[in-house]
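In what follows, chains are A, B, ... by sequence order, proteins preceding strands, each numbered from 1. Worth saying up front: this structure is predicted, and the values here are computed from it rather than measured.
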Number of protein chains: 2
Amino acid sequence: MTESKLVDEMNSSSTLDAIEQMILRISWLAQRQFIQLLDDERFNLTLTQFYTLLHLAQTNGECKMSDLAEATQQSAAALTGVVDRLLDKQLVERTRHERDRRQVMVQVTPRGLALIAEIRQARREQIHAALGHLPAADTERLLELLEGVLVGMSRILERSEAGRLA
Amino acid sequence: MTESKLVDEMNSSSTLDAIEQMILRISWLAQRQFIQLLDDERFNLTLTQFYTLLHLAQTNGECKMSDLAEATQQSAAALTGVVDRLLDKQLVERTRHERDRRQVMVQVTPRGLALIAEIRQARREQIHAALGHLPAADTERLLELLEGVLVGMSRILERSEAGRLA
DNA sequence: TGGTATACTCAACATTGTTGAATATCTATA
DNA sequence: TATAGATATTCAACAATGTTGAGTATACCA
């Protein structure tokens with residue numbers, strides 16, 4: 001910080017409230033902007049399709065439908081339709097588990113992997129355009145703080161999931 | 001920063017790429033979490049309804065449909081349906097412009113204002129739960145950096161809108 | 001007055017999401 | 001070995017959102 005202030009050790013409410021306001025605005029803008037990018041003729045994916053495919057791309061090998069549903073925060077019923085469409089586009093393959101025939105396994109295809117790579121490249125270019133002008137020290141600090149945000153968010157998500165199961 | 005490093009003045013690609021990865025994960029979690037909150041029986045709003053109502057709540061008085069559509073990044077056709085549902089819930093009122101009878105004006109009702117206030121209070125509690133454990137210095141720095149992010153994002157949004165019109 | 005632009009809604013369709021029922025398969029037990 | 005119950009997934013019916021293109025009403029200009 002450039003200037004020393006008389007700050008409490010504790011978080012002041014007003015800072016967190018301002019962060020709430022800021023996150024409201026950034027989230028909406030970021031989401032809309034990303035949807036627009038995904039709508040490009042090169043990609044032509046919905047947000048849900050992207051995040052579903054992303055998880056598969058980051059998974060080594062096959063993924064069980066129910067695991068995929070939990071990881072992407074969708075219901076099993078909703079996921080069925082999403083995977084149907086990814087299948088139409090030949091971005092994933094669907095097979096049955098060899099031993100437990102109830103389980104449906106999904107796996108990303110090379111084509112799906114290539115598409116995810118393309119999209120993330122385009123996304124990185126957007127990020128560079130948006131944040132490239134900031135000093136390196138700022139972006140490094142931002143990364144550290146975002147890590148803290150992710151940890152905090154995961155924590156309250158776990159709590160609410162625990163509550164749902166209880 | 002805790003440790004001095006040999007860093008360029010320029011942004012390193014790897015930091016921005018890590019931020020891209022982090023934003024992907026945080027955005028999805030945050031969105032899903034917020035949708036879940038809005039789905040609560042007290043609120044019962046969709047994400048789109050919330051952001052539409054939020055803009056009206058932050059507007060003084062009436063708002064033209066086309067302005068509202070642009071501000072919330074929706075097409076006019078999509079907005080018509082969203083406002084229909086807000087109307088059903090008595091959260092907004094719809095009138096015609098007195099002089100230019102083509103224009104449809106929308107205004108939030110006291111009930112709508114109260115709902116937005118309730119939701120934002122619940123949201124603030126979530127933010128406190130997620131980030132309250134961070135030192136005050138961190139949250140203050142985070143706020144500053146998020147302001148920078150918002151500026152950067154608005155800039156590239158403007159550029160893409162300019163491109164669309166061109 | 002007539003023609004064109006503007007503001008919005010409507011219609012038809014695709015995608016996503018919900019809930020609850022249906023189907024298939026596995027597992028444990030009598 | 002039947003079979004009852006648990007588990008994994010899909011299907012069906014519906015609501016909300018989003019897209020595009022057509023339709024309607026109003027304003028403005030010549």
Side-chain angles (χ1 to χ4, degrees), chain A residues 28 31-41 43-53 62-89 91-107 164-165, chain B residues 28 31-41 43-53 62-89 91-107 164-165:
Chain A
W28 186 250
Q31 202 220 36
R32 289 280 142 172
Q33 199 172 287
F34 193 28
I35 288 174
Q36 219 174 301
L37 177 68
L38 290 175
D39 199 40
D40 185 290
E41 55 184 3
F43 311 137
N44 195 34
L45 284 185
T46 66
L47 202 59
T48 303
Q49 286 167 8
F50 171 78
Y51 275 101
T52 304
L53 196 56
E62 300 179 321
C63 185
K64 216 175 94 178
M65 282 292 283
S66 41
D67 291 344
L68 184 55
E70 193 190 336
T72 56
Q73 306 270 309
Q74 307 174 70
S75 68
L79 182 59
T80 295
V82 173
V83 169
D84 281 350
R85 265 138 238 140
L86 291 176
L87 210 59
D88 290 345
K89 298 177 187 169
L91 302 173
V92 301
E93 278 172 355
R94 186 152 54 179
T95 53
R96 290 249 166 214
H97 191 282
E98 292 194 0
R99 276 165 305 173
D100 188 340
R101 310 289 301 165
R102 290 170 305 180
Q103 293 180 26
V104 172
M105 311 303 288
V106 191
Q107 183 164 21
R164 216 189 306 155
L165 300 177
Chain B
W28 187 248
Q31 200 220 37
R32 291 279 143 172
Q33 199 172 287
F34 193 30
I35 288 175
Q36 218 174 301
L37 177 69
L38 291 174
D39 198 40
D40 184 291
E41 56 185 1
F43 310 137
N44 195 33
L45 284 184
T46 66
L47 201 59
T48 303
Q49 286 168 9
F50 170 78
Y51 276 101
T52 304
L53 196 55
E62 300 180 321
C63 185
K64 218 174 95 178
M65 282 292 281
S66 41
D67 291 345
L68 185 54
E70 192 190 336
T72 56
Q73 304 271 309
Q74 306 173 71
S75 68
L79 183 59
T80 295
V82 173
V83 169
D84 281 348
R85 265 138 237 142
L86 291 174
L87 210 59
D88 289 344
K89 298 179 186 168
L91 301 173
V92 302
E93 278 171 354
R94 185 153 53 181
T95 54
R96 290 248 166 217
H97 190 281
E98 292 193 359
R99 276 165 305 172
D100 188 341
R101 310 289 301 163
R102 291 171 303 179
Q103 293 181 26
V104 172
M105 310 304 287
V106 191
Q107 182 163 23
R164 217 189 305 156
L165 299 177

side-chain contact (heavy atoms from CB on, under 4.5 Å) with [X]: which residues, sequence neighbours excluded?
| X | value |
| --- | --- |
| L87(B) | V92(B), R94(B) |
| Q103(B) | K64(B), H97(B), D100(B), M105(B) |
| R85(B) | Q49(B), D88(B) |

Without decimals, in angstroms, what is the distance between [X] [atom1] and [N] [atom2]?
| X | N | atom1 | atom2 | result |
| --- | --- | --- | --- | --- |
| Q31(B) | dT17(D) | CD | C1' | 13 Å |
| L53(B) | dT17(D) | CG | P | 12 Å |
| R85(B) | dG18(D) | CZ | P | 10 Å |
| K89(A) | dA14(C) | NZ | P | 14 Å |
| D39(B) | dT19(C) | CG | P | 8 Å |
| L45(B) | dA15(D) | CG | P | 18 Å |
| L47(B) | dT18(C) | CG | P | 13 Å |
| N44(A) | dT19(D) | CG | P | 13 Å |

So does [X] get a side-chain nitrogen or oxygen closer than 4.0 Å to the phosphate oxygens (OP1/OP2) of [N]?
| X | N | result |
| --- | --- | --- |
| R99(A) | dT27(C) | no |
| S75(A) | dG17(C) | no |
| Q74(B) | dG18(D) | yes |
| T48(A) | dT16(C) | no |

DNA chain C: H97(A) or T46(A), which has the more 5' nearest nucleotide?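 Its nearest nucleotide being more 5', the pick is T46(A).
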Would you give a per-nucleotide map of nucleotides 4-13 of chain D, 5' to 3', where B means the base has a protein non-hydrogen atom under 4.0 Å away, S means only the sugar-phosphate does, and - means neither? ---BSSBB--
Looking at side-chain heavy atoms only, is the closest gap between R32(A) and Q74(B) below 4.5 Å?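 Of all side-chain heavy-atom pairs linking Q74(B) with R32(A), at least one is under 4.5 Å.
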Going by the rule side-chain hydrogen bond (donor to acceptor under 3.5 Å, both in side chains), which residues pair with T80(B) if we only count those two or more places apart in sequence or in a different chain?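 With neighbours one apart ignored, the set is empty.
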Mind checking side-chain hydrogen bond (donor to acceptor under 3.5 Å, both in side chains) for D40(B) and listing every partner two or more places apart, or none if nothing turns up?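 By the side-chain hydrogen bond (donor to acceptor under 3.5 Å, both in side chains) rule, D40(B) matches R42(B).
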Ring centroid separation for F34(B) and F50(B), is it under 6.0 angstrom?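 Ring-ring flag for F34(B)/F50(B): true, centres closer than 6.0 Å.
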